[in-house]
Engineer: 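This is the structure, below, for whatever I ask next.
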Amino acid sequence: MFKKLFIVLFVLFCADSFSQIGGKYVYQFLNLVTSPRQASLGGKVVTIHDYDVNQAIFNPATINEEMDNHLSVNYGSYFGEVTYGTAAYAYTYDRHKQTFHVGVNYVNYGKFDGYDENGLQTAEFSGSEIALSVGYARNIPWTDIYIGGNVKMISSTLESYNSFGAAVDIGALYIDDYNDINIGLSLRNMGFQITPYADTREKLPFEIVAGVSQEMENVPIRWHLTLENLQQWNIAFSNPNRAEGSLDGGSTEEKVSFFNNALRHVIVGAELFPARSFSVRLGYNFRRAEELRIVEQRNFSGISAGFGLRFNNIRFDYSYSRYTAAANTSLFGLMINLQ
């Protein structure tokens, strides 16, 4: 039943056609990866159901008792002076049946030199954004389906402008223990600006993400398939650098095929030894690879990799994500079991 519902939802969410997704919404930092494990698997994984307390920020249905009393902090340098980090904590009570989750996302855009409309230098300014979330999940009685939700309060400061917002995430997770398959669905960032920067309220970056993962029977590998931005079908744009020239001096705009656009919704990843003290992770983000691909040059955009180490009650995670030859990101994470 859940698999049929998954297929129907996928078709419905992809029925409408819109332009590309960039530059249309506020609080875009809400879609940054939340941990090195997420980043190394390509990002936006919604099917991991284990000790990883970071997963609940992307899919609240993954909140479970294995996360109990786990504290995680993650930090990374994005581009230039931009830095961001996340933190998460879960606590289980009521005879290990009720688990609540708290998460924080933060990004600092660094310092900028200010100039007025005449080009004269003014005061230096900065920008930062933060979101605090509280989440909870429950198993639907007599089923293998879990549902959960996050409530988020958002604050943004850009130069002298301030904005506050609120949003909710709703997630579902189906766990097939017999075949070791997880199927997840997450509706993220459904909300509004309580206080806009100026007079106009802007939309939040609402996104629908679905995914499936499975641990192989005879090989210690769990593979992940994630479908992002299911709320709209056309997320591609024509890159002017790939326009084809003509004999009359003009150019023909790049045509993005149906198959190419479909692939831009896909993220794949794999984790070797997911339950061991040492694990290795690889991922590939098709949209990132296509949008950042340089003409006639191989730069391996879209590839990500990382590893995890466990020392007793402490876990250390690292990820490296390839964007362009001039811009790559590393993310570091530390998780502590406080029990």
Side-chain angles (χ1 to χ4, degrees), residues 30-74 76 84-92 99-105 131-139 145-152 168-175 180-189 207-215 222-228 267-271 274-275 279 281 283 304 306-308 310 315-319 331-337:
L30 295 174
N31 286 329
L32 292 175
V33 294
T34 57
S35 70
R37 192 181 186 188
Q38 275 272 1
S40 58
L41 293 172
K44 302 185 179 181
V45 178
V46 294
T47 55
I48 296 177
H49 188 264
D50 57 18
Y51 63 87
D52 194 345
V53 70
N54 299 293
Q55 292 301 126
I57 298 178
F58 257 86
N59 185 1
T62 62
I63 299 173
N64 66 88
E65 60 275 9
E66 286 190 55
M67 299 178 179
D68 179 34
N69 226 12
H70 281 61
L71 173 66
S72 174
V73 290
N74 308 283
Y84 75 101
T86 65
Y89 175 77
Y91 180 74
T92 302
T99 302
F100 285 89
H101 178 274
V102 178
V104 177
N105 292 27
L132 172 65
S133 67
V134 178
Y136 175 74
R138 285 210 63 142
N139 170 244
I145 300 175
Y146 298 79
I147 57 173
N150 287 328
V151 177
K152 295 187 283 192
V168 297
D169 304 330
I170 298 176
L173 184 68
Y174 170 74
I175 299 178
D180 210 351
I181 295 176
N182 295 351
I183 300 175
L185 177 69
S186 183
L187 284 69
R188 306 186 65 249
N189 306 324
E207 182 181 18
I208 299 173
V209 184
V212 58
S213 67
Q214 181 184 31
E215 187 165 348
R222 174 170 285 276
W223 58 263
H224 301 266
L225 173 65
T226 303
L227 303 176
E228 64 166 334
I267 302 171
V268 294
E271 188 170 17
S279 58
R281 302 151 187 155
S304 55
F307 64 86
R310 186 185 68 194
R315 296 178 184 267
F316 173 78
D317 293 283
Y318 169 79
S319 68
L331 191 59
F332 302 86
L334 188 65
M335 187 183 305
I336 304 173
N337 184 352

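Note that these values count all heavy atoms, side chains included, but never hydrogens, waters or copies made by symmetry.
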Engineer: Would you find a donor on one side and an acceptor on the other, under 3.5 Å apart, between the side chain of Asp169 and the backbone of Pro60?
Structural biologist: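 No: the side chain of Asp169 does not pair with the backbone of Pro60.
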Engineer: Looking only at heavy atoms, which two atoms of Thr92 and Thr99 are closest? And how far apart?
Structural biologist: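 Minimum heavy-atom separation between Thr92 and Thr99: OG1-OG1, 2.7 Å.
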Engineer: Would you kindly check if the NZ (Lys) or CZ (Arg) of Arg310 is within the cone defined by 45 degrees around the ring axis of Tyr51 and under 6.0 Å from the six-membered ring centre?
Structural biologist: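 Not satisfied by the 6.0 Å and 45° rule.
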Engineer: Side chains of Leu331 and Tyr84: closer than 4.5 Å at any heavy-atom pair?
Structural biologist: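 They are in side-chain contact.
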Engineer: Between the main-chain N or O of Thr47 and the side-chain N or O of Asn59, is there a donor-acceptor pair closer than 3.5 Å?
Structural biologist: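 No, the answer is negative, given that no donor and acceptor are paired below the 3.5 Å cut-off.
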Engineer: Minimum heavy-atom separation for Pro36 to Gly333, with atom names?
Structural biologist: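 Heavy atoms of Pro36 and Gly333 come nearest at CG-N, 3.4 Å.
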Engineer: Check whether Gln38 reaches the backbone of Val45 with its side chain - one donor and one acceptor, N or O, closer than 3.5 Å.
Structural biologist: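 Present.
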Engineer: So Arg281 and His224, do their side chains get closer than 4.5 Å, heavy atoms only?
Structural biologist: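 No - every pair of side-chain heavy atoms lies 4.5 Å or more apart.
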Engineer: Hey, does Asn54 have a side-chain heavy atom less than 4.5 Å from the side chain of Arg37?
Structural biologist: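 Of all side-chain heavy-atom pairs linking Asn54 with Arg37, none is under 4.5 Å.
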Engineer: Specify the closest pair of heavy atoms between Thr34 and Thr86, including all atoms of both residues, with the distance to one decimal.
Structural biologist: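 In this case the closest contact between Thr34 and Thr86 is O-OG1, 2.6 Å.
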Engineer: Quick one: does Ser133's side chain have a donor or acceptor within less than 3.5 Å of a partner on Lys152's backbone?
Structural biologist: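 It does not hold such a pair.
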Engineer: Where do Asn182 and Leu173 come nearest, in terms of heavy atoms and distance?
Structural biologist: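 It is CB-CD1, 4.3 Å.
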Engineer: Is a salt bridge present between Asp180 and Arg222, judged by a nitrogen-to-oxygen distance below 4.0 Å?
Structural biologist: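 Result for this pair is yes, salt bridge flagged.
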Engineer: In sequence, state the C-alpha distance, the side-chain angles, and the governing distance for Leu227 and Val212, and then conclude on side chain to side chain contact (heavy atoms under 4.5 Å, CB included).
Structural biologist: CA-CA 9 Å; Leu227 303 176; Val212 58; over 6 Å; no
Engineer: Do you know which two heavy atoms are closest between Ala39 and Val33, and how far apart they sit?
Structural biologist: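 Minimum heavy-atom contact is CB-CG2, 3.8 Å.
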Engineer: Sequence neighbours excluded, which residues qualify as side chain to side chain contact (heavy atoms under 4.5 Å, CB included) partners of Val53?
Structural biologist: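 Met67, His70, Ser72, Ala88, Ala90, His101, Met335.
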Engineer: What distance do Trp223 atom CH2 and Ile181 atom CD1 have between them, rounded to the nearest 0.5 Å?
Structural biologist: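 Those atoms lie 6.5 Å apart.
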Engineer: In the structure I gave you, are the side-chain heavy atoms of Val209 and Thr226 within less than 4.5 Å of one another anywhere?
Structural biologist: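 The answer is yes; the side chains approach within 4.5 Å.
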Engineer: Can you tell me how far CD1 of Ile147 sits from CG of Asn139, rounded to the nearest 0.5 angstrom?
Structural biologist: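 Answer for the CG-CD1 pair, Asn139 versus Ile147, is 9.0 Å.
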Engineer: Could you tell me whether the side chain of Asp52 and the main chain of Asp50 form a donor-acceptor pair under 3.5 Å?
Structural biologist: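 No.
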Engineer: Less than 4.5 Å apart, any side-chain heavy atom of Glu207 and any of Leu30?
Structural biologist: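 Glu207 vs Leu30: side chains apart.
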Engineer: Does the Asn69 side chain pair with the main chain of Tyr91, one donor and one acceptor, at a distance under 3.5 Å?
Structural biologist: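 No; zero donor-acceptor contacts below 3.5 Å.
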Engineer: Is it true that Asn74 and Asp317 share a donor-acceptor pair across their side chains at a distance under 3.5 Å?
Structural biologist: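 Distance-only check fails for Asp317 and Asn74.
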Engineer: Write down the atom of Gly135, the atom of Asn150, and the distance for their closest heavy-atom approach.
Structural biologist: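 Residues Gly135 and Asn150, closest heavy atoms: CA-OD1, 3.1 Å.
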